[in-house]
Amino acid sequence: MINNGRGIKFSWHNIVIMLVIFTFNFNMKMSGQANDEIVMISISNSGSFVAIATNNGEVKILNTSTIQIINSIPGLFGIVTQIAWSNNDAFIALGASENNSKNGKVYIFDATTGNTIRVFSDLEGTIYSLAWNTEHTQVLIGSEMIDGGETIIGEVASGFSSQISPGPATSIKISPDQSQFAFGNIVGKIRIVNSITLSTEVLSNTNISSGQPVMRLHWSSTQPFIASGHLDGMIVVWNTQSGTILHTLSAAAAIGMDAEYSQMVLALAFDSTGIRLRSFNREGRIRVWDTQTWALIAEQIVPGPIYAADWDKTGTTLYYGTDSAIPRVVRAPDLPPLPTPTALPHPIFPPPGGGQPACPGGGGEWMWVDGELIFVCGVNWE
């Protein structure tokens, strides 16, 4: 049994059933041909391009400035489950599986011409994660299935593939300095390895379980943090130097509600300053977290249904897919810098008779600080 920290216990059997149900619904949704629904989105590393996959297996590459299609790859792949750009924007890796198949495939394309460069076939399980090495000569492929899964290295030039030690992976993400890979798996464990040797000797003590499948990973470029977004909507922030869990974030828990699995995290990113962490869930909620107090400081709801989403590298522009063949774009508002926790004004609590607290000169905001909802004077996000 696994305890998620909120008094709710999950068994391996429960977790497997959840992923099976999610995969079944995912496959059923994509099997319908009535609309070109976007089921996968990936923004290139430069932010200049976005690749989308629709439920008929077609892949399109769009210019992010104009949202105009600049290339299209015919639908030959069955169900597209993952897309990843190489770090130079030249290549795309695409994970796919046929209906009712236990095995996956990974296609490597030239992003400019759309030509197929390599196909890795008969991979074990659903392809949940793909990541490129810095030289864009290898692609890491992570898969999961009920009774196994694997993580392999695919050599693009030769087509050779070999299994590596991190085991099955639902998410893989390279660090901003390209020196480490983080692997997340079905039971919420994070493992960080050296990106050259792929040795688990680097920060192996990060092999700690948060209890829920890792659907997204994102490294901070300014602080020693990595955030993991999970199937139940929880976000776990880890210290990449010590391997310890720093914070567990849940807007649902903050307002006294249990997180639902429909809140699965689809996109996650620290902004370029490292001050904000932005998350986006399947329900269509954009949440902004402050990395100094870990307070939920803003929330926005975008129209659904939402099937796929990805933040750009700055964590300020979100592309998401609905039942339209063209992705929608959300520009995150610029929020003022937060005061440091030591400089926060003294909290003002509601008067005994109820009502909104009053601050000298007006203003003030409710903030979630250290597990307590308080009203703070001198802070205003309007």
Side-chain angles (χ1 to χ4, degrees), residues 38 40-52 61-68 83-85 87-89 131 171 173-178 182 215-229 233 235-237 247 249 251 263-304 306-322 326-340 365 367-368 379-382:
I38 295 174
M40 192 57 57
I41 288 181
S42 180
I43 300 173
S44 69
N45 285 276
S46 69
S48 300
F49 309 104
V50 57
I52 64 170
I61 300 173
L62 296 84
N63 182 295
T64 53
S65 299
T66 63
I67 312 298
Q68 296 297 310
I83 301 174
W85 289 82
N87 66 326
N88 63 351
D89 291 5
S171 187
K173 195 77 170 181
I174 196 167
S175 63
D177 65 2
Q178 313 287 303
M215 308 310 291
R216 285 284 176 172
L217 287 167
H218 199 275
W219 296 77
S220 170
S221 60
T222 61
Q223 302 180 74
F225 300 154
I226 187 168
S228 57
I235 299 167
V236 180
V237 182
H247 297 277
L249 309 175
Q263 294 183 341
M264 178 181 68
V265 177
L266 288 181
L268 188 67
F270 290 93
D271 69 11
S272 57
T273 67
I275 295 176
R276 319 285 182 189
L277 171 64
R278 287 184 168 92
S279 65
F280 181 86
N281 70 9
R282 201 178 183 194
E283 204 176 43
R285 295 179 184 270
I286 298 174
R287 289 164 177 158
V288 185
W289 311 84
D290 161 53
T291 62
Q292 297 180 51
T293 64
W294 299 105
L296 175 63
I297 59 174
E299 186 174 72
Q300 178 184 359
I301 300 177
V302 299
I306 311 298
Y307 305 128
D310 195 20
W311 287 104
D312 68 359
K313 289 185 73 172
T314 67
T316 56
T317 304
L318 178 82
Y319 294 80
Y320 69 99
T322 66
I326 300 299
R328 298 182 181 180
V329 184
V330 175
R331 310 288 180 185
D334 292 327
L335 298 177
L338 278 172
T340 62
E365 287 287 333
M367 298 182 67
W368 196 263
V379 179
N380 195 322
W381 303 112
E382 296 296 330

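Shown here for Ser272 and Ser221, the closest heavy-atom pair between the two residues is O-OG, 4.0 Å. Between Gly321 and Ile41, the shortest heavy-atom contact is N-CD1, 3.4 Å. Contact detail for Tyr319 and Arg331: the closest heavy-atom pair is OH-NH1, 4.0 Å. Across all non-hydrogen atoms, the minimal contact from Pro176 to Ser220 is CG-O, 3.7 Å. Here the closest heavy-atom approach between residue Arg276 and residue Ile297 is recorded as NH1-CD1, 2.8 Å. Between Pro327 and Ile38 the shortest heavy-atom distance is N-CD1, 3.4 Å.
Ring centers of Phe225 and Trp289: at least 6.0 Å apart, outside the cut-off.
Applying the side-chain contact (heavy atoms from CB on, under 4.5 Å) test to Asn88 and every residue at least two apart in sequence or in another chain returns Ser86, Ala90, Phe91, His136. For Asp271, the side chain to side chain donor-acceptor pair (under 3.5 Å) partners are Thr273, not counting sequence neighbours. Residues satisfying the ring pair (Phe, Tyr, Trp, His ring centres under 6.0 Å) criterion with Tyr320, sequence neighbours excluded, are Phe280.
One finds the CG atom of Leu217 at 13.0 Å from the CD1 atom of Ile174 (value rounded to the nearest 0.5 Å). With rounding to the nearest 0.5 angstrom, the CG atom of Leu268 is 10.5 Å from the CG atom of Asp310. Interatomic distance, CG of Asn63 versus CD of Gln68, reported as 8.0 Å (0.5 Å rounding). Rounded to the nearest 0.5 Å, atoms CG (Leu318) and CD (Gln300) are 9.0 Å apart. Here Arg282 contributes atom CZ and Met215 contributes atom CE; the two are 9.0 Å apart, rounded to the nearest 0.5 Å. Taking CD1 from Ile52 and CD1 from Ile83, the interatomic distance works out to 8.5 Å, rounded to the nearest 0.5 Å.
A distance-only check finds a donor-acceptor pair linking the side chain of Thr291 to the backbone of Gly274 [under 3.5 Å]. Panel note: side chain Thr64, backbone Ser48; a donor-acceptor pair is recorded below 3.5 Å. Under a 3.5 Å cut-off, the side chain of Trp294 and the backbone N or O of Leu249 do not form any donor-acceptor pair. In this structure, the side chain of Arg216 does not engage the main chain of Gly229 through any donor-acceptor pair within 3.5 Å.
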Next item on the list: Show your working on side chain to side chain contact (heavy atoms under 4.5 Å, CB included) between Trp219 and Asp177 and close with a plain yes or no.
Entry: CA-CA 10 Å; Trp219 296 77; Asp177 65 2; over 6 Å; no

Next item on the list: Dump the intermediate steps for side chain to side chain contact (heavy atoms under 4.5 Å, CB included) on Lys313 and Ile43, then the final yes or no.
Entry: CA-CA 8 Å; Lys313 289 185 73 172; Ile43 300 173; over 6 Å; no

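Ring pair Phe270/His218 is tilted by interplanar angle, where 30° to 60° counts as tilted.
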